[in-house]
Protein chains: 2
Amino acid sequence: MPAEDVHPVAPQCGDCPIRHRAVCARCEADELDLLEESKYYRSFEAGQTVIWSGDRMDFVASVVSGIATLTQTLEDGRTQMVGLLLPSDFVGRPGRETAAYNVTATTDIVMCCFRKKPFEEIMLRTPHIAQRLLEMTLDELDAAREWMLLLGRKTAREKIASLLAIVARRDAAIHLRYPEGTMTFDLPLTREAMADYLGLTLETVSRQISALKRDGVIELEGKRHVTVPDFDRLMSEAGDDSDGGFLP
Amino acid sequence: MPAEDVHPVAPQCGDCPIRHRAVCARCEADELDLLEESKYYRSFEAGQTVIWSGDRMDFVASVVSGIATLTQTLEDGRTQMVGLLLPSDFVGRPGRETAAYNVTATTDIVMCCFRKKPFEEIMLRTPHIAQRLLEMTLDELDAAREWMLLLGRKTAREKIASLLAIVARRDAAIHLRYPEGTMTFDLPLTREAMADYLGLTLETVSRQISALKRDGVIELEGKRHVTVPDFDRLMSEAGDDSDGGFLP
DNA sequence: ACAGAACCTTGACCCAAATCAAAGAAATCA
DNA sequence: TGATTTCTTTGATTTGGGTCAAGGTTCTGT
């Protein structure tokens, strides 16, 4: 996949409001029109379920603003988050009838949806879109596998530090403000949601956050606003060497 | 993605020996020839490393026979398996220069490799292949997410039962012999590899296998040959209701 | 057939995280 | 404004699985 054939990032996408890069960027006119026709927006309030696992799902979508989670549950209620959808993330699967996960809005959220049928047809005719989607799916797979390492082998403290590092990085990527290593952001998740993400209980999450604060790795203002005085320190608490090449 | 545009399974693929369905099935003549040209086989002995994480990887490949694992490690040596490659599974990522995981042969293995450049070029020109690859990647992502549920929320006993159920199912899918619910298969992994897969220690794996045997959920002949007298019982030990629709 | 290595099992003990419990902030509502 | 609910913190206790240790099996090569 030569670089010049890969779509650039969404903001270059003229007036197509969808952030999802496979759809937006460098669209040829015809394709753009076709997508426009099958496109609609839906918004959900914090806490609302977007779709239940097993429900019929006749659309694919990208997150415009807000945050949603993908979760799986065992029948006795144990819950594991398996994905975190931030703005520009894609959800849904061409070629599948029903949803495989619960999708829940954790903040107020706006999604840009496409009816699945037309989307699939466009995908068949425009290699760029299928290839961009493949690339994104491979990125998600990498993220899932990194998460497997976290779930299987990291301690509670390392798990928390990893999550904070990920949120900090995603935030930095958007806001581009990190004077000399200091970062500041809002946690978009409750303690319980963090616990579900990390395979912990909410009490353990709370205790470890308190511990990181006590040890000066982070500072807290209220319960959600976090300052990271030394990102490298946080990364080393997270246990893995590589930063995934995310930060410049 | 209409059904008639999806490639059927590999065995229908004439004399193309690769099992990887995106490449093999229903190939048009030109594409098949192109793939033939860039194709070569490599074999590895049990225990050999196929490729190290971070190494340059200028091929993609599918497993012809044998078993390989994908693993990630923390710098202090903690290891987590993030993928299990059985015959017909695909490894490698178009558009990436270096390997993201360690790939290790756990049995003697034969892989069918394609040079990455030609493979990518063919992918650009033949939508079928990109779409099949997308479908496979989405399947892998689903599997990874199911594994996240296992790693984050299941008990040691449930983890072992889940792994046994998965191996039993893959085996049944190949051999198609399960008289009235009884299944028999060989574990393709050492206790240590199972531990790395499940986020446990090898001692815990050993203890839980002994417990399942004591409780009559499985029977063991030697250390590797397993008989499952009641697959439903095993599934209920695994903790999740759905069997993923795998068995008929 | 034997020696050595690799793999596996079992026991004793310990600790990180779960569970149980209570109470303190913060948001929402009447 | 206070009342209720939701979210969070902290403490006390328990426990599942890790760690350390010692043997037992099976495989491999000579």
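All values derive from a computational prediction rather than experimental measurement. Letters A, B, ... are given to chains in the order of the sequence lines, protein chains preceding strands, and every chain is numbered from 1.
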Can you measure from [atom1] ([X]) to [atom2] ([Y]) and round to the nearest 0.5 angstrom?
X	Y	atom1	atom2	answer
T79(B)	N102(B)	OG1	CG	8.0 Å
E192(A)	T201(A)	CD	OG1	10.5 Å
L84(A)	L163(A)	CG	CG	8.0 Å

Whole angstroms only, please: what is the [atom1]-[atom2] distance between [X] and [N]?
X	N	atom1	atom2	result
L220(B)	dC7(C)	CG	C1'	14 Å
R153(A)	dA17(C)	CZ	P	14 Å
K159(B)	dG17(D)	NZ	P	7 Å
L202(B)	dC20(D)	CG	P	13 Å
K154(A)	dA17(C)	NZ	C1'	18 Å
H225(A)	dT8(D)	NE2	P	16 Å
I209(A)	dT10(D)	CD1	P	11 Å

>> For Y197(A) and W147(A), take the angle between the two ring planes, folded into 0 to 90°, and tell me which bin it lands in: parallel under 30, tilted 30 to 60, perpendicular over 60.
In response: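 Rings of Y197(A) and W147(A): tilted, 30 to 60°.
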> Which part of the nucleic acid does L200(B) contact within heavy-atom distance under 4.0 Å: base, sugar-phosphate only, or nothing?
Replying inline: sugar-phosphate
>> Under 4.0 Å, counting only non-hydrogen atoms across every strand here, what does G199(B) touch: a base, just sugar-phosphate, or nothing?
In response: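 Counting heavy atoms under 4.0 Å across all strands, the contact made by G199(B) is with sugar-phosphate only.
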Quick one: which of [options] gets closest to the side chain of [X]?
X	options	answer
S206(B)	dT10(D), dT10(C), dA17(C)	dT10(C)
Q208(B)	dT9(D), dA17(C), dG17(D)	dG17(D)
R224(A)	dT8(D), dA21(C), dT19(D)	dT8(D)
R207(A)	dT9(D), dT8(D), dT19(C)	dT19(C)
T204(A)	dA18(C), dT10(D), dT10(C)	dA18(C)

> Hey, are the side chains of R191(A) and I209(A) touching, using non-hydrogen atoms and a 4.5 Å cut-off?
Replying inline: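 Yes, at least one pair of side-chain atoms sits under 4.5 Å.
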>> For a 4.5 angstrom cut-off between non-hydrogen side-chain atoms, does L187(B) reach L164(B)?
In response: yes
> Using 4.0 Å as the upper bound for N to carboxylate O, is an ion pair formed by E203(A) and R207(A)?
Replying inline: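 Judged by the 4.0 Å cut-off on N to carboxylate O distance, R207(A) and E203(A) do not form a salt bridge.
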> Salt bridge between R93(B) and D139(A), side-chain N to carboxylate O under 4.0 Å?
Replying inline: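 Looking at R93(B) and D139(A), the cut-off is met.
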Under 3.5 Å, N/O pairs linking protein and nucleotides 24-30 of chain C:
none

>> For DNA chain D, which residues of residues 188-198 of chain B approach it to below 4.0 angstrom with any heavy atom?
In response: none
> Would T137(B) and E140(A) count as a side-chain contact (heavy atoms from CB on, under 4.5 Å) if you check the C-alpha gap in whole Å, the side-chain angles of each, and the deciding distance to 0.1 Å?
Replying inline: CA-CA 10 Å; T137(B) 306; E140(A) 276 190 271; over 6 Å; no
> Is Q48(A) reaching over with its side chain to a backbone N or O of T104(A), donor-acceptor style, under 3.5 angstrom?
Replying inline: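 It does not hold such a pair.
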>> Any N or O donor-acceptor pair under 3.5 Å from the base of dC20(C) to the side chain of E203(A)?
In response: yes
